[in-house]
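Take a look at the structure below.
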Amino acid sequence: MLYQMKTEEGSIGIGRDVITRIIIEVVEQFQGKVLISNAKGKLLGPGMRLVGVGEGSFIELEMGKQGLDIRLNIVIRFGTSISMVTEQLIIDIKENIEKYTGIEVNSTAVVVAGLLSKQMTRRNIEVRG
């Protein structure tokens with residue numbers, strides 16, 4: 001359990017899968033212009049899903065004293081604005097996690113691991129929010 005809160009009525013637990021699902025849905029709003037990757041820019045292949053590896057395994061989450069710390073590696077399709085995408089991702093991830101779970105987001109780091117056109121061009125651009 002990533003987050004657990006106890007109340008008089010009982011306890012509420014929120015797992016890692018809930019947070020990663022929210023993040024994946026935010027990324028999917030970019031309609032294929034943004035893809036979740038590992039730190040080296042490797043995208044999740046179809047065979048990896050069959051062995052139980054999903055996009056959530058590429059997302060780093062840590063619950064700190066001041067809230068949730070998120071680190072997300074992405075690949076952006078060529079022609080898409082890096083600054084626009086990263087800023088919007090940070091805003092939407094923070095808003096959606098706080099809205100749906102009540103967990104405060106302390107920091108969000110979006111790392112552009114690469115740009116994708118006909119070939120992958122590796123990058124290492126980190127944007128924090």
Side-chain angles (χ1 to χ4, degrees):
M1 207 55 46
L2 183 66
Y3 175 78
Q4 191 156 3
M5 183 174 91
K6 294 183 181 184
T7 65
E8 291 179 13
E9 290 81 24
S11 65
I12 300 169
I14 298 174
R16 175 182 169 80
D17 292 344
V18 173
I19 305 297
T20 57
R21 185 72 237 159
I22 292 170
I23 294 170
I24 290 168
E25 287 180 7
V26 168
V27 171
E28 287 174 348
Q29 292 175 359
F30 287 89
Q31 301 172 342
K33 293 179 182 175
V34 177
L35 305 165
I36 297 174
S37 72
N38 68 6
K40 295 181 180 181
K42 182 170 176 145
L43 301 173
L44 185 66
M48 294 176 76
R49 283 195 173 97
L50 297 175
V51 295
V53 176
E55 289 102 336
S57 63
F58 288 172
I59 300 170
E60 298 174 32
L61 302 173
E62 186 175 324
M63 195 63 179
K65 292 179 182 178
Q66 297 177 338
L68 183 63
D69 295 314
I70 302 166
R71 184 175 183 86
L72 172 66
N73 295 292
I74 60 170
V75 169
I76 298 177
R77 291 207 185 269
F78 184 77
T80 306
S81 170
I82 293 173
S83 62
M84 189 254 338
V85 164
T86 53
E87 287 175 24
Q88 197 61 50
L89 272 173
I90 291 169
I91 291 167
D92 291 350
I93 288 171
K94 179 178 172 41
E95 285 179 358
N96 286 352
I97 289 174
E98 290 178 353
K99 175 181 172 183
Y100 295 123
T101 67
I103 298 173
E104 187 164 336
V105 176
N106 180 45
S107 70
T108 305
V110 175
V111 180
V112 179
L115 297 174
L116 184 63
S117 58
K118 291 180 182 178
Q119 297 179 3
M120 173 72 74
T121 305
R122 296 229 19 228
R123 296 286 184 260
N124 190 19
I125 303 167
E126 182 172 331
V127 180
R128 292 188 157 274

Can you list the residues that meet the salt bridge (Lys or Arg N to Asp or Glu O under 4.0 Å) rule with [X], with sequence neighbours excluded?
X	answer
Arg128	Glu126
Glu60	none
Glu104	none

Are any of the side-chain heavy atoms of [X] and [Y] separated by less than 4.5 Å?
X	Y	answer
Ile12	Lys6	no
Leu116	Ile76	no
Arg77	Phe30	no
Thr101	Val18	yes
Glu25	Asn96	no

- Out of Ile19, Leu72, Ile22, Leu68, which residue meets the side-chain contact (heavy atoms from CB on, under 4.5 Å) rule with Ile93? Leu72

Which heavy atom of [X] sits nearest a heavy atom of [Y], and at what distance?
X	Y	value
Phe78	Ser117	CB-CB, 3.7 Å
Arg16	Ile59	NH2-O, 2.5 Å
Val75	Gly41	CG2-O, 3.7 Å
Ile103	Ile97	O-CG2, 3.9 Å
Gln4	Ser11	NE2-OG, 3.7 Å
Val111	Arg71	CG2-NH2, 3.5 Å

- Message: Please tell me whether Asn106 and Asp69 have a donor and an acceptor in their side chains that are separated by less than 3.5 angstrom.
- Response: yes

About how many Å separate [atom2] of [Y] and [atom1] of [X], when rounded to the nearest 0.5 Å?
X	Y	atom1	atom2	result
Glu87	Ser81	CD	OG	8.0 Å
Thr20	Ile23	OG1	CD1	7.0 Å
Leu35	Phe58	CG	CZ	11.5 Å

- Message: Are Val85 and Leu115 linked, directly or through intermediate hydrophobic residues, by side-chain heavy-atom contacts shorter than 4.5 Å (ILVMFWY only)?
- Response: yes

- Out of curiosity, does Ile70 fall in the hydrophobic cluster containing Ile91 (side-chain heavy atoms, cut-off under 4.5 Å, transitive links)? no

- Candidate pair Glu98 and Lys94, rule side-chain contact (heavy atoms from CB on, under 4.5 Å), full reasoning: CA-CA 6 Å; Glu98 290 178 353; Lys94 179 178 172 41; 2.8 Å; yes

